[in-house]
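Each remark here refers to the structure printed beneath this line.
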Amino acid sequence: MFIDARKLDSGTTIAADVCVVGGGVAGITLALELERLGVRTCVIESGGFAPDDETRDLYRGESVGLPYRFADGCRSRFLGGSSNCWGGWCRPLDDLDFERRPWVPHSGWPIGRDELEPHYVQVHDVLKLGPYNYDPAFWENAIGRNDVRRIPLPSGRISDSISQFSPPARMGKLYRRELERAEHVRVYLHANAVDIQTDRPASAVRRIKIATLTGRRFEAVARLFVLASGGIENARLLLASNSVEPAGLGNGNDLVGRYFMDHPRIYNGSIRFAREWSRNKLFDAKYSYQNPAVAAHGTRIAGQFALTPKTQADEGVTNARVWFSSVFPGEGTEAAETLIRMKHALEQKEQPGRSVAQDVLTLLRHPVDSAGFVIARRFQPRGLVKDVTFQAIVEPEPDPDARVTLSLDRDQLGVNRVCVGWRLGQLTRRTFDRNFAILADELQRSGVGAAKLDQPLDGRDDWPASLNPGGTWHHMGTTRMHDSTWHGVVDRHCRMHGIGNLFVAGSSVFPTAGANFPTVTIVALALRLAQQLAKELQPPRVGALADARESRPSDEGNLHQGTARLRRPARRATSAMTVAQSGLRRWALYAATVLVTLVVCAIAAELVAP
């Protein structure tokens with residue numbers, strides 16, 4: 001069910017077995033799976049069902065590295081999180097992405113692709129994808145069109161790959177009804193986690209302090225806690241929770257917030273295709289993106305190119321994905337940007353500050369640019385496609401000096417805002433250069449086309465103008481996973497090192513970024529974590545049960561009095577009965593535990609009696 005936290009009384013205590021901070025992709029996935037497993041869960045979500053600027057402002061901060069946008073339009077602070085501004089690209093990480101690569105500093109995951117494989121299969125249902133099959137030949141045959149074909153790659157240095165598109169799944173909208181009807185999950189809207197409070201050695205979380213923008217203050221207590229607020233906010237909340245550990249919670253080795261990563265995207269060169277390949281849609285992002293003509297089995301797909309694992313090792317580069325991008329008349333103009341915004345609006349993508357009236361006026365002011373852009377994209381007349389260029393996203397090398405830190409400036413709730421220092425190194429430059437050069441050579445060898453490349457990046461001090469200052473909105477790495485406390489913030493189970501009941505979900509745990517889109521792996525890790533949490537809660541431990549009981553009777557009464565007012569009148573009787581039954585079951589279990597303990601003690605006393 002959903003509860004508007006602005007209507008709760010200050011001082012209320014929310015009690016659950018699992019408390020999840022964040023109602024985005026990871027948080028909603030966890031909530032749905034924990035509901036299926038019958039685990040009593042509360043989700044603390046900052047926003048409501050729709051965006052609002054006052055809540056959005058809590059994301060804003062300062063860029064202190066490369067010019068970088070990370071707030072408005074790049075993240076969404078309402079139910080569904082960044083799925084609200086997501087393009088729907090989906091592909092699991094490659095096997096190599098999990099491995100330690102000697103030429104990539106700080107690389108290697110403590111788990112392998114095989115451990116996530118069963119969860120990757122489950123992801124397809126969560127994100128509404130097609131068959132769990134990423135074989136390019138399978139999709140080429142299934143589509144069966146002459147203008148959706150694989151390109152010959154004779155050298156063996158480079159291969160093609162397939163990504164699938166989610167519709168895209170706007171998680172807050174897609175699963176709203178299911179969450180509303182949930183028996184074990186409560187989602188608290190307009191509730192902002194502002195502080196994680198632990199015991200004095202900081203070995204266990206006791207409660208999370210919560211605030212609303214309307215001035216209400218309360219807390220959540222649970223046996224297990226999960227941070228699922230995204231690659232920037234997870235680190236921010238840990239760093240700001242510094243009442244016990246001055247450097248921030250879990251930051252004894254100064255790792256929280258470090259290794260911040262995002263995929264850089266760059267355009268390069270000019271390609272002239274042989275006539276038979278000039279209308280191929282599969283590898284051109286302008287034509288393959290969410291295109292019903294590039295689809296089979298009810299699923300839209302796109303093709304990309306990647307250096308083979310052997311080539312990456314031989315060249316000493318990170319992973320990357322490269323594809324083509326047609327340049328239309330009006331490209332880069334106000335009209336083209338407006339048309340792209342309008343397409344995103346149809347996909348229900350959040351766009352702060354967008355005005356429908358202003359968009360219409362822009363198109364009317366630029367009729368030639370507008371018509372040229374639409375006709376070229378829709379009908380692909382060769383005479384209107386001005387050029388074709390390479391587009392690539394590259395796996396950044398993990399850099400401990402790329403980091404999220406706290407600003408002295410504070411938001412409306414009194415929490416320090418963030419400073420984000422995005423950095424890209426020489427290995428990233430070289431990876432761009434070698435991918436462009438090898439693919440250009442491959443096109444020439446196969447007779448597909450000829451490419452003229454721009455100046456290499458390696459050795460330059462600057463970055464080209466085509467580097468997107470928003471990256472690809474893939475915020476990763478700030479609570480990285482590693483078996484050693486000296487190299488990671490969480491262990492292989494996503495548990496915070498040294499804090500037994502605190503876990504982290506989402507892309508902040510990625511040790512490396514790979515070159516594929518992170519959403520699929522975020523969901524897979526969340527499904528895996530849900531299983532881990534359920535396992536930790538079963539069977540009930542006597543000590544934990546007693547601790548929970550001590551803190552809950554008055555809290556539960558306060559909570560349910562507050563939430564009963566939010567339920568529809570027809571459900572009040574059912575709510576009261578459910579609460580009563582739940583309370584009776586807990587008391588019966590506790591009484592049985594005490595009785596068994598007394599019997600065991602009596603027998604032991606009898607055995608040791610002289």
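As a basis for the values below, the full set of heavy atoms in this structure was taken, side chains included, without hydrogen atoms, waters or symmetry mates. We number each residue from 1, following the sequence as shown.
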Measure from NZ or CZ of [X] to the centre of the six-membered ring of [Y] and say whether it is under 6.0 Å with the direction within 45° of the ring axis.
X      : Y      : answer
Arg69  : Trp473 : no
Arg403 : Tyr259 : no
Arg113 : Phe98  : no

*asked:* Just checking Tyr59 against Phe70, ring centres under 6.0 Å apart?
replied: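 Not under 6.0 Å, so no.
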*asked:* Please report whether the ring centroid of His124 lies less than 6.0 Å from that of Tyr134.
replied: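 That pair passes the under 6.0 Å test.
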For the residue pair [Y] / [X], report whether a side-chain donor-acceptor contact shorter than 3.5 Å exists.
X      : Y      : answer
Thr472 : Asn468 : no
Asn84  : Arg170 : no
Arg100 : Ser107 : no
Tyr68  : Asp262 : yes
His190 : Arg6   : yes
Glu219 : Thr13  : yes
Ser407 : Asn416 : no

*Test side-chain contact (heavy atoms from CB on, under 4.5 Å) applied to Phe517 and Arg321, step by step*: CA-CA 10 Å; Phe517 315 96; Arg321 285 294 185 277; 5.9 Å; no
Between [X] (side chain only) and [Y] (backbone N and O only), is there a donor and an acceptor less than 3.5 Å apart?
X      : Y      : result
Arg206 : Gln197 : no
Ser83  : Trp86  : no
Glu245 : Ala247 : no
Asp52  : Thr55  : yes
Asn251 : Leu255 : yes
His497 : His482 : yes
Ser241 : Leu249 : no
Asp9   : Thr12  : no
Asp399 : Asp401 : yes
Arg91  : Val520 : no

How long is the gap from [atom1] on [X] to [atom2] on [Y], to the nearest 0.5 Å?
X      : Y      : atom1 : atom2 : answer
Cys19  : Arg40  : SG    : CZ    : 11.5 Å
Glu395 : Asp97  : CD    : CG    : 5.5 Å
Ser166 : Leu127 : OG    : CG    : 5.0 Å
Ser508 : Met481 : OG    : CE    : 9.5 Å
Leu129 : Cys90  : CG    : SG    : 4.5 Å
Gln426 : Arg460 : CD    : CZ    : 11.0 Å

*Do Arg429 and Phe432 pass the side-chain contact (heavy atoms from CB on, under 4.5 Å) test, and can you show the C-alpha distance, the side-chain angles, and the key distance before you say yes or no?*
CA-CA 5 Å; Arg429 295 175 185 270; Phe432 273 118; 5.8 Å; no
*Trace of the side-chain contact (heavy atoms from CB on, under 4.5 Å) decision for Arg434 with Gln312*: CA-CA 9 Å; Arg434 295 308 298 148; Gln312 290 181 45; over 6 Å; no
Tell me, do [X] and [Y] make a side-chain contact under 4.5 Å, heavy atoms counted?
X      : Y      : answer
Pro264 : Trp422 : yes
Leu58  : Arg56  : no
Phe503 : Glu536 : yes
Ile208 : Ile44  : no
Leu8   : Tyr188 : yes
Val187 : Leu189 : yes
Ser63  : Val420 : no
His474 : Ser507 : no

Nearest heavy atoms of [X] and [Y], plus distance in Å:
X      : Y      : answer
Ala202 : Ile499 : O-CG1, 3.4 Å
Val404 : Leu239 : O-CD1, 3.5 Å
His263 : Val394 : CD2-O, 3.5 Å
Pro511 : Met261 : O-CE, 3.8 Å
Gly316 : Leu427 : O-CD1, 3.2 Å
Val489 : Thr478 : CG2-O, 4.3 Å

_Aromatic plane relationship, Phe49 with Phe2 - under 30° parallel, 30 to 60° tilted, over 60° perpendicular_ =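 Taking Phe49 first and then Phe2, their aromatic rings stand perpendicular (interplane angle over 60°).
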_Going by salt bridge (Lys or Arg N to Asp or Glu O under 4.0 Å), Glu233 matches just one of Arg75, Arg417, Arg60. Which one?_
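So, applying the salt bridge (Lys or Arg N to Asp or Glu O under 4.0 Å) to Glu233 and each of Arg75, Arg417, Arg60, only Arg75 qualifies.
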*Applying the side chain to side chain donor-acceptor pair (under 3.5 Å) test to Thr318, which of Thr512, Thr428, Thr431 qualifies?*
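The residue from Thr512, Thr428, Thr431 that satisfies side chain to side chain donor-acceptor pair (under 3.5 Å) with Thr318 turns out to be Thr431.
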*asked:* Arg528 vs Glu115, test: salt bridge (Lys or Arg N to Asp or Glu O under 4.0 Å). Steps then yes/no.
replied: CA-CA 9 Å; Arg528 173 178 176 265; Glu115 192 159 338; 2.8 Å; yes
Enumerate donor-acceptor pairs with a distance under 3.5 Å from any side-chain N or O in residues 21-33 to protein atoms, sequence neighbours excluded.
unit_1 : atom_1 : unit_2 : atom_2 : d
Thr29  : OG1    : Val25  : O      : 2.7
Glu33  : OE1    : Arg36  : NE     : 3.4
Glu33  : OE2    : Arg36  : NE     : 3.3
Glu33  : OE2    : Arg36  : NH2    : 2.6
Glu33  : OE2    : Gln531 : NE2    : 3.0

*If a pair satisfies salt bridge (charged side-chain N to carboxylate O under 4.0 Å, His left out) and one of its residues is in residues 498-519, list it, with sequence neighbours excluded.*
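Of all non-adjacent pairs touching residues 498-519, none passes salt bridge (charged side-chain N to carboxylate O under 4.0 Å, His left out).
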_Applying salt bridge (Lys or Arg N to Asp or Glu O under 4.0 Å) to Asp433 and Arg430, what does each step give before you reach the verdict?_
CA-CA 5 Å; Asp433 287 343; Arg430 175 172 169 75; over 6 Å; no
*Test side-chain contact (heavy atoms from CB on, under 4.5 Å) on Ile196 and Phe225 and set out the steps.*
CA-CA 10 Å; Ile196 305 169; Phe225 297 84; over 6 Å; no
*Do NZ/NE/NH1/NH2 and the carboxylate oxygens of Arg423 and Glu397 come within less than 4.0 Å?*
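Salt bridge: no.
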